[in-house]
Amino acid sequence: VRIEGEYVFDGPRDEVWGMVREPEVLATALPGTQRLDRVSENEYTGTMNVRVGPVAGAFSGRIVISDEVPPDSYTLSVEGKGGPGFVKGIGYVNLIDQGDGTTLMLYKGDVQMGGRLASVGQRLMDTVSRSMIREGLESLNEALRSRVAAKSGGQEQVGVGYMPPSEAEFAAAVAKDVAGQMFSPSRVLWIAIAVVVVVAIIAVVLISTGGG
Amino acid sequence: MATKYVGKRMTRTEDPRLLTGQALFVDDVQIPGMLYAAFLRSDYAHARLRSVDVSAARQRPGVVAVYTAEDLGDFWGHGPPLVPAPDSVEGVEFHSRTQVFLAKGKIRYVGEAIAVVYAESRYIAEDALEDIIVDYEPLDVAVDLEKALDPDAPLVHEDLDSNLACHLVQDKGDYAAARAQADLVLRRRIAIDRCAAAAMENRGLVAQWDEKSRHLTMWDTTQAPIPVRNGLAGILGLGEAQVRVIAPFVGGGFGPKIMMFLPEEVLVPWGAMRLNRPVKWIEDRRENFFATTQERGQIHDAEIAVSKDGKILGISHTFLHDTGAYNPYGLTIPLNTQSHSMGAYDVPNYHSDLKVVFTNKMITTPVRGAGRPQGIFLAERLLDLAAEELGIDRIDIRKRNFIPPDKFPYNHQIIDQAFAPLVFDSGNYVATLEKAAEMIGYEHFITEEQPRLRAEGRHVGIGIVTFVETTGVGPYEGSRVTVEATGKISVATGVGTQGQGHFTSFAQIVADQLGVSPRDVRMVTGDTSEFHWGTGTFASRGSVVAANAIHAAAVNVRGKILKLASKVLETPEEELELADGMVRVADIPRQAISLAELAALANPLRGAVEPGTEPGLESTDYYGPQYGATASGSHAMIMEVDPETMMVDIKKYVAVEDCGTMLNPLIVEGQVHGGVALGIGNSYYEQLIYDDSGQLLNASFADYLIPTASEVPRVEVGHEQTPSPLNELGTKGAGEAGTIPVPAVFAQALQDALVDYDLEILEAPMSPNKLFELMHSKKEGEV
């Protein structure tokens, strides 16, 4: 699956850069994340428990950041595996200061999948990945806004006022998006497939939101 | 002898049991204390196995055992080759690599089994699979059939120099010389992709080991219970008499259930013995896409050389056959393709260069059609293109090239799938083609209907093709026919039954010989404790090989009945007749004795018998043909295509079959209907799609499209009967015939419907997407 897109963050580039390198923030933007640890300067490992409808699975994975040019760009490679299969991908992220206090993120990536993710989820992969990435980026942007607001308000505590979405809210938002884009959302089978794919994409999001 | 039942359209005697849920399927077998097996399958197409950690899985409550390849110890090994290697064939290069019981060191396709769990329930077993941690080192893959032969392609089997599994060239006459003299030579690339067999019932196994009697019983959805028993006995170190394999009712075979010794078929009984508990494994649908064999991946570089009057001077093709990661089934499929690429035609010069290629994909073995649809597709497509080029009507060009009825037996001078000379025993191809043309209304359609509809702007096309099918191959089958003390008849044969109506059509044969109703004939198929010589149900051979063995045994029993009755009734045998379960003096009907009484007399409790007397009214006999019987037929269809949506609508479908003597036309028609349905899938819907990394992308019925009632038209079946001279009954096989010509006739009709677009359909299956792309690329090409 190829992933490509852009997103505008409501905050300065330095803030965005700082945020996407903070595991705690990433973890809250990705509901279901059990753990996301920075094991070295450029390497994170984590596990993610996903329980959506009838599909349950745990992913464990590793993210490595390379070719880093702060606060401009970096490359990240991701490997994750679990009951539903595996993902392996590479992503390229660019942050562009738009000069008006906002930051444009350009991202693209290529993800290889195997197991149930590929064999059953293929059909919806594009739609679901787009939706999941947007949901993830939006919750990051939400965190960014509250961080920026906190700083300008002179408050010391970071993240006040930002409530990350719960696992259920996140999954529901994605499912709604996907259903809206499908031909016949009434077909139960498809919904079941969508649910499986949600699992996949949460892993995929590790890439792009790891970058965003 | 005039027949009362053979040839009669009888409804199936097994249907009441099937329709009321009284038929035993493997999953119906429940044994107290039974364990459930589940298999961990690879997510990668090609990877080194660094480690497999099953410790957590073993800890899970309810898990009894978990084994990896290492845990199998000395038992670990390869499945046996399922058909002989072509060693006797001159100039052949062949490398046999059969599947392993569990992957060791390396994974070769997505779905290859890595570990097996035995647990108190299937739920627990599947949960335990998730506990297993596999450390893979992914390797580059050999997925694309053509690239897999590149010198730097990743090797599926590293002990070989390349992914070439076999190279075999067959020649008849001198193609190069024929080509030089031809008025027209057409060369095309023809590709046929993979499909699933997709039987309604997936595979299933139940194994029970009795430690005290040291006896193994296994219920297996196999098409070939006797070879499974023999093979398992060898693998498990048991005598053949210690193993009983039962193939009960099976919900569709279509090839991949023949006798595979895939990991499940070995590890379920092995687990039952090792753990001394019954073990059940029922394949689920998704698993079936990964764990059960597939067929059809071939790419042909094909050529036809014709004279200007449309006479075929020669056919030549160089082709690649995708055997997947292992090749336990040897060359059966591609040899069938080689045998059918001349179609029903008198082709004087033929060149066929076959390369079989290992790839990081599921193993291929025969699926209904077994290489024949590819050959017929090639021959029919090339002939269609030649006809068009030369301005000859497609029926006409076929008639000019058919093997004429007086040329049988026709020796093709190449070898068939059994490495024996390819000989067509009989046929009347003109008659089947003419009947199909008449039934579809060919003349009327092309002269009136089609021009009228086209003038209305509708895209309607017609297709009509002829095919041959080698059927009823050896080596042999056997049967035992017994008159029971009740006067009813018991018949046992070794072949299994997967919906072919054996209980009815075989009973019809016996009923005619013994003067009883087919409903008084109890058939037993596929239980090695009832009959343990034979090979199985495949290659459209049941109605030829098993049926003639049953016929032979029934004739013997008839002889015994007459001999005994003659003595009892004091009347010469010639004056006796068998009817209504009685033997009567023909002229004096009240002078009669029942079969029940005769059976009792033939098995006396006291007194002396003449030396050499065999007890009972029973006989066991066998039939093995010299070579296969050749079935044939012609299919025709009228199709309308919507060039906006690329959806096709088959308006009319006609199938004329010649399977020699028909035992039961109703069953033949049922076989044809089912075959055509798969053929339509193979033409436009059913394609297994692998991505560049060897992942199967459509492993569910949401994505892998089985034709439904809306895609399969009502099929009108016509019959010609050219009895096979090779067997007493004159039968030929009919099980695969329905499928074989469909992609060819579909492509012809599709091309005809879109005549304005000037397309060539050289691929099967097509699909709405592919058709769109083809039309699009054509348009772009024109600009």
Side-chain angles (χ1 to χ4, degrees), chain A residues 1-2 45 47-51 54-62 77-90 110-128 178 182-197 199-200 203, chain B residues 38 40-47 50 53 56-57 107 109-112 114 123 126-141 143 196 284-291 360-362 645 687-705 769:
Chain A
V1 176
R2 280 183 217 296
T45 60
T47 57
M48 187 180 255
N49 233 352
V50 182
R51 278 183 192 281
V55 174
F59 266 98
S60 59
R62 200 169 77 103
S77 42
V78 177
E79 278 178 39
K81 60 180 177 180
F86 69 87
V87 289
K88 191 182 169 195
I90 186 146
D110 202 349
V111 188
Q112 240 186 51
M113 278 164 300
R116 229 179 301 164
L117 295 178
S119 62
V120 188
Q122 187 62 25
R123 159 205 298 261
L124 297 170
M125 203 53 86
D126 276 350
T127 313
V128 179
V178 171
M182 286 187 339
F183 295 105
S184 55
S186 61
R187 287 179 70 172
V188 177
L189 187 57
W190 286 40
I191 288 166
I193 291 166
V195 160
V196 172
V197 174
V199 175
Chain B
L40 180 72
R41 302 184 187 283
S42 169
D43 285 340
Y44 290 86
H46 199 198
R50 286 203 199 103
D53 179 358
I107 290 294
Y109 63 93
V110 170
E112 185 160 22
I114 297 170
Y123 299 97
E126 297 227 354
D127 284 350
L129 295 182
E130 306 244 327
D131 298 335
I132 300 173
I133 299 161
V134 184
D135 189 5
Y136 299 95
E137 178 192 337
L139 300 171
D140 288 341
V141 294
V143 170
D284 72 27
R285 180 57 66 185
R286 196 171 59 79
E287 199 173 21
N288 181 266
F289 280 99
F290 294 104
N360 290 118
K361 282 181 271 181
M362 186 60 197
T645 64
Q687 181 178 14
L688 291 165
I689 300 182
Y690 284 86
D691 74 4
D692 297 342
S693 61
Q695 296 289 334
L696 177 58
L697 300 183
N698 56 342
S700 79
F701 282 163
D703 294 305
Y704 182 85
L705 302 180
N769 303 29

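Just the heavy atoms: all of them, side chains too, but no hydrogens, waters or symmetry mates, feed the values below. Residue numbers start from 1 in every chain, and the chains themselves are labelled A, B, ... in the order their sequence lines are given, proteins ahead of strands.
With rounding to the nearest 0.5 angstrom, the CG atom of Asp43(B) is 8.5 Å from the OG atom of Ser119(A). Here CE of Met113(A) is found 8.5 Å from CG of Asp691(B). Values are rounded to the nearest 0.5 Å.
Phe290(B) touches chain A through its side chain: at least one heavy atom from C-beta onward sits under 4.5 Å away, while N, CA, C and O do not. Of the atoms belonging to Arg41(B), not a single heavy atom falls under 4.5 Å from chain A.
Atom CZ of Arg50(B) has more than 12 heavy atoms from other residues, nucleotides or ligands within 6.0 Å. Sparse packing is recorded around CG of Asp140(B), with 12 or fewer heavy atoms of other residues, nucleotides or ligands lying under 6.0 Å away. At most 12 heavy atoms of other shown residues, nucleotides or ligands fall within 6.0 angstrom of atom CG in Asp692(B).
Contact tally against chain B (heavy-atom pairs below 4.5 Å) for Gly85(A), Gly114(A), Gly82(A): the top residue is Gly114(A).
For the pair Gln695(B) (side chain) and Gly115(A) (backbone), a donor-acceptor distance under 3.5 Å is present.
Applying the ring-ring contact (aromatic ring centres under 6.0 Å, His included) criterion to Tyr690(B), with sequence neighbours excluded, gives no partner residue.
No side-chain heavy atom of Pro138(B) sits less than 4.5 Å from a side-chain heavy atom of Phe86(A).
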